[in-house]
Every structure is written in C-alpha cells, then in structure tokens.
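The next block holds one structure in the form of structure tokens; read it before the comments.
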Amino acid sequence: MVPGIQEKITVSVVAGVDGVDRIALQHGDGSETLLLNLTPSQARLLANELVAAVNKVAVKANLKSGPNMWRQNPGDSQPRLARAGV
C-alpha cells in the first residue's frame with residue numbers, strides 16, 4: 001500500500017456452499033488481495049465495532065481541536081475554569 005492512497009474495499013453478498021448467504025469483504029487487487037467471508041452475525045458485529053471505533057476517533061479529534069478543552073495546555077495542572085478568576 002502506498003501512503004496517502006486509499007485502496008478500494010468491496011463489500012458484496014455471496015451464496016455460501018451451505019446455501020446461507022455470506023458477506024464478502026475484499027481489500028486490494030492484484031497480487032495482494034485480502035478476502036473475508038463472514039456470516040451475517042459476524043458482519044453485524046464487525047460493523048458495530050467499526051462504527052464504535054470511528055466514533056471514538058471522531059470524538060478524540062474534536063476534543064483535541066475544540067475551543068472548550070478542559071485544559072489549555074498539556075502541562076497545565078488546573079482546569080481552565082479553576083483559573084478563570086486569576
């Protein structure tokens with residue numbers, strides 16, 4: 001994988017050999033391809049975990065850049081509200 005270039009991820013529904021549909025995730029193409037065949041319950045669990053992880057990253061990014069951060073600088077030992085009267 002080349003830094004800065006996003007590779008394609010393909011999601012599709014495929015029929016399993018046992019007659020049960022599966023969710024197939026394919027990442028990459030050519031010589032380096034990753035293929036995951038998941039049951040619907042496995043895919044649902046993965047989707048929930050992905051959403052939770054993305055939300056954590058978004059909240060963390062917003063806290064780092066938000067104007068109302070609890071501490072002004074990493075080295076501050078007191079919350080900003082405690083220093084408001086100073």
Side-chain angles (χ1 to χ4, degrees):
M1 186 167 125
V2 178
I5 297 177
Q6 295 182 354
E7 294 186 31
K8 184 178 179 181
I9 297 176
T10 305
V11 179
S12 56
V13 177
V14 296
V17 294
D18 56 359
V20 177
D21 286 342
R22 303 226 182 245
I23 292 76
L25 299 172
Q26 183 176 355
H27 177 261
D29 50 21
S31 63
E32 294 185 21
T33 300
L34 172 66
L35 180 63
L36 289 174
N37 283 317
L38 304 170
T39 65
S41 60
Q42 289 172 326
R44 189 176 297 109
L45 179 62
L46 176 62
N48 288 335
E49 293 294 326
L50 282 171
V51 169
V54 169
N55 286 338
K56 284 179 187 178
V57 169
V59 167
K60 193 173 182 181
N62 286 338
L63 288 175
K64 284 183 180 178
S65 62
N68 296 322
M69 290 183 58
W70 182 250
R71 298 180 196 275
Q72 187 172 8
N73 296 315
D76 289 344
S77 60
Q78 288 185 316
R80 288 185 351 182
L81 291 176
R83 296 190 318 262
V86 177

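The model shown is predicted, which means the values in this text are computed figures rather than measured ones.
Atom CG of Leu25 is separated from atom CG of Leu46 by 6.5 Å, given to the nearest 0.5 angstrom.
Listed by first and then second residue, the side chain to side chain donor-acceptor pair (under 3.5 Å) pairs involving residues 40-53 are Thr39-Ser41, Thr39-Gln42 (not counting sequence neighbours).
Taking Leu35 as the reference, Ala24, Gln26, Asn37 meet the side chain to side chain contact (heavy atoms under 4.5 Å, CB included) condition, with sequence neighbours excluded.
Linking ILVMFWY side-chain heavy atoms closer than 4.5 Å, directly or via other members, places Leu34 and Ile23 in two distinct hydrophobic clusters.
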Could you pull out all donor-acceptor pairs under 3.5 Å where a side-chain atom in residues 11-18 meets a protein atom, sequence neighbours excluded?
residue	atom	partner	partner atom	Å
Asp18	OD1	Val20	N	3.2
Asp18	OD2	Arg22	NH2	3.3

